[in-house]
*Asks:* 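A single structure is presented below for examination.
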Amino acid sequence: MIIPKIGVGTFRLSGQTVIDSVSQALDVGYRAIDTAQIYGNEAEVGTAIQQSKVSRQELFLTTKIWTENYAPERMIASLKDSLHKLQTDAVNLTLIHWPAPGLGYSAAELVQSLYQAKKLGLTEHIGVSNFNIAQTEEAIAAVGPDQIVTNQIELSPYLQNRTLVQYLQSQNIQVTSYMTLAYGKVLQDPVLMRIAALHEASTAQIALAWAMQQGFSVIPSSTKREHLLSNLEAQKILLSHEEMQKIAELERNGREISPEQLAPVWD
């Protein structure tokens, strides 16, 4: 497993808030951090890492290339700018954030530029985010079957994305789940609440445990120390086959994010 099972996300966090969140996450034991160019917080994430007692070598740092930098002549320069903000020589993983078919760049072109960045030593691994099966196939064909290490996709008990997940796992591409709590919508789910009570856990922990038990990596964010700790503890929860089955039945295709111009035709 290349990508740690659990990391801390930084989506929608900015300024001192993201510095505090990442600092606390590192303090309580997280060793994977997920950011992106469009989040506008790479510099703050870099500050938090520099201020922590955790060495860069212990961390798994991910960023994502935004659409305005998709042109081949811009991508590598933009990643170098991200590295400058993050105060590091290289990140562990760089992703294409959205396929954005309307912009006219093919999946092959995008990952080939990213592969060049890898060959230059700017990123240890490369991957994609929000790609459908056809786009992932095109990416694999362009750079080789062992180069695309993950597809980071929206995935929760309400959006289980089974067709895409099965394909990715058949290709040994790790699934990274974002929005695993569906913007908090799953937290009041009666099925999850009953399972949580049996495990003396929170519904958030059950949703995260469900994802990790399927081999997915998760990147929940929080600004509260107790929630960061609680999310980390979800790794210790083992759900029964029956409990996993009950959660499987919660599927409702409840997608939260699908921006026009950026999103693919979903599988």
Side-chain angles (χ1 to χ4, degrees), residues 1-4 6-11 13 18 22 30-46 48-49 56-100 103 105-131 135-136 138-154 168 171-178 216-219 221 262 264:
M1 195 171 190
I2 290 170
I3 304 165
I6 187 166
V8 66
T10 61
F11 177 53
L13 302 181
V18 75
V22 172
Y30 287 82
R31 292 297 178 264
I33 305 164
D34 182 274
T35 183
Q37 292 176 343
I38 193 62
Y39 298 173
N41 62 18
E42 289 172 315
E44 288 80 3
V45 168
I49 291 170
R56 173 68 185 89
Q57 288 68 37
E58 292 179 63
L59 298 179
F60 192 94
L61 185 54
T62 299
T63 195
K64 311 177 199 77
I65 305 290
W66 189 242
T67 56
E68 66 187 16
N69 298 318
Y70 280 4
E73 65 274 13
R74 286 185 63 97
M75 190 177 293
I76 286 171
S78 80
L79 182 53
K80 286 179 177 176
D81 185 50
S82 291
L83 298 180
H84 177 71
K85 290 173 181 171
L86 290 162
Q87 300 182 53
T88 188
D89 295 330
V91 283
N92 301 90
L93 175 63
T94 307
L95 308 178
I96 298 296
H97 205 150
W98 285 92
L103 291 181
Y105 299 106
S106 68
E109 287 175 296
L110 293 174
V111 296
Q112 281 166 342
S113 294
L114 213 50
Y115 187 48
Q116 284 301 117
K118 178 182 175 179
K119 289 200 280 192
L120 288 170
L122 305 177
T123 184
E124 185 182 1
H125 302 287
I126 64 171
V128 297
S129 183
N130 301 300
F131 275 41
Q135 290 158 342
T136 308
E138 190 181 334
I140 291 169
V143 294
D146 54 345
Q147 292 298 328
I148 307 297
V149 300
T150 193
N151 188 354
Q152 186 178 121
I153 55 174
E154 183 186 341
L168 294 171
Q171 300 298 310
N172 292 316
I173 294 174
Q174 198 167 330
V175 175
T176 302
S177 161
Y178 73 81
F216 310 155
S217 294
V218 294
I219 44 171
S221 64
L262 301 183

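The figures here come from the full heavy-atom set of this structure, side chains too, leaving out hydrogens, waters and symmetry mates. In what follows, residues are counted from 1 in the order of the sequence shown.
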*Asks:* Taking all non-hydrogen atoms of both residues into account, name the closest pair between Leu79 and Ala117 and its distance.
*Replies:* CD2-CB, 3.8 Å

*Asks:* Give a yes-or-no answer on whether the side chains of Thr35 and Asn41 include a donor-acceptor pair shorter than 3.5 Å.
*Replies:* yes

*Asks:* How many angstroms lie between OH in Tyr70 and CD1 in Ile65, if you round to the nearest 0.5 Å?
*Replies:* 8.5 Å

*Asks:* Atom CD1 in Ile173, atom CZ in Phe131: separation rounded to 0.5 Å?
*Replies:*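 CZ of Phe131 is found 11.0 Å from CD1 of Ile173.
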
*Asks:* Can you sort out the partners of Lys85 under salt bridge (Lys or Arg N to Asp or Glu O under 4.0 Å), two or more places apart, ordered by chain and number?
*Replies:*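 Salt bridge (Lys or Arg N to Asp or Glu O under 4.0 Å) list for Lys85, sorted by chain: Asp81.
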
*Asks:* What's the separation between atom CD1 in Ile76 and atom CD in Gln116, rounded to the nearest 0.5 Å?
*Replies:* 6.0 Å

*Asks:* Is the number of heavy atoms from other residues, nucleotides or ligands within 6.0 Å of CG (Asp146) greater than 12?
*Replies:*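 Counting neighbours around CG of Asp146, more than 12 heavy atoms of other residues, nucleotides or ligands fall under 6.0 Å, so yes.
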
*Asks:* Would you mind reporting whether Leu262 and Thr67 have side-chain heavy atoms less than 4.5 Å apart?
*Replies:* yes

*Asks:* Do Thr176 and Thr150 have a side chain donor and acceptor closer than 3.5 Å?
*Replies:* yes

*Asks:* Go through Gln174 and Ser217 one step at a time and tell me if the side chain to side chain donor-acceptor pair (under 3.5 Å) criterion holds.
*Replies:* CA-CA 8 Å; Gln174 198 167 330; Ser217 294; 2.6 Å; yes

*Asks:* Taking all heavy atoms of Val8 and all of Ser221, pick out the closest pair and write down the distance.
*Replies:* CG2-CA, 4.5 Å

*Asks:* Looking only at heavy atoms, what is the nearest atom pair of Pro4 and Phe60, with distance?
*Replies:*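 The pair with the smallest heavy-atom distance is CD-CG, 3.6 Å.
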
*Asks:* Please check this pair: side chain of Thr94 against backbone of Ile126, looking for a donor-acceptor N/O pair closer than 3.5 Å.
*Replies:* no

*Asks:* Are Gln112 and Val143 close enough, and set up right, to give a side-chain contact (heavy atoms from CB on, under 4.5 Å), and what steps lead you there?
*Replies:* CA-CA 6 Å; Gln112 281 166 342; Val143 294; 4.2 Å; yes

*Asks:* Any donor and acceptor pair, going by atom type alone, linking the side chain of Asn92 with main-chain N or O of Leu61 inside 3.5 Å?
*Replies:* yes

*Asks:* Is a side-chain N or O of Arg56 found less than 3.5 angstrom from the main chain of Leu59, in a donor-acceptor match?
*Replies:* yes

*Asks:* Taking only residues at least two apart or on different chains, which pairs with a member in residues 31-45 satisfy salt bridge (Lys or Arg N to Asp or Glu O under 4.0 Å)?
*Replies:*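 Non-adjacent pairs meeting salt bridge (Lys or Arg N to Asp or Glu O under 4.0 Å): Arg31-Glu58, Asp34-Lys64.
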
*Asks:* Stepwise, does the side-chain contact (heavy atoms from CB on, under 4.5 Å) test hold for Leu122 with Val91?
*Replies:* CA-CA 7 Å; Leu122 305 177; Val91 283; over 6 Å; no

*Asks:* Can you spot which of Ile3, Ile219, Leu95 makes a side chain to side chain contact (heavy atoms under 4.5 Å, CB included) with Thr62?
*Replies:*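 That would be Leu95.
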
*Asks:* Could you tell me whether the side chains of Gln37 and Ser78 share a donor-acceptor contact shorter than 3.5 Å?
*Replies:*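 Short answer, yes.
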
*Asks:* Trp98 versus Val128: any side-chain heavy-atom pair under 4.5 Å?
*Replies:* no

*Asks:* Once rounded to the nearest 0.5 Å, what's the spacing between atom CD1 of Ile153 and atom OG1 of Thr136?
*Replies:*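 OG1 of Thr136 is found 9.0 Å from CD1 of Ile153.
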
*Asks:* What are the two closest non-hydrogen atoms of Leu114 and Thr123, and how far apart are they?
*Replies:* O-CG2, 4.5 Å

*Asks:* Locate the shortest heavy-atom distance separating Val111 from Ala142; write the atom from each residue and the value.
*Replies:*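 In terms of heavy atoms, the two residues are closest at CG2-CB, 3.9 Å.
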
*Asks:* Could you give the distance from CG (Asn151) to CD (Gln135), rounded to the nearest 0.5 Å?
*Replies:*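 If we round to the nearest 0.5 Å, Asn151:CG and Gln135:CD are 9.0 Å apart.
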
*Asks:* Looking at every non-hydrogen atom in both residues, tell me the closest pair between Ser113 and Met75 and how far apart they are.
*Replies:*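 Distance-wise, the nearest heavy atoms are CB-SD, 3.5 Å.
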
*Asks:* Rounded to the nearest 0.5 Å, how far does CG of Leu110 lie from CD of Glu138?
*Replies:* 9.0 Å

*Asks:* Kindly indicate, with the supporting measurements, whether the criterion side chain to side chain donor-acceptor pair (under 3.5 Å) is fulfilled by Glu109 and Ser106.
*Replies:* CA-CA 5 Å; Glu109 287 175 296; Ser106 68; 3.3 Å; yes

*Asks:* Please state whether the rings of Tyr39 and His97 are parallel, tilted or perpendicular, taking 30° and 60° as the class boundaries.
*Replies:* perpendicular

*Asks:* If you apply the rule side-chain contact (heavy atoms from CB on, under 4.5 Å), what do you find for Gln171 with Ile140, and how did you get there?
*Replies:* CA-CA 9 Å; Gln171 300 298 310; Ile140 291 169; 4.1 Å; yes

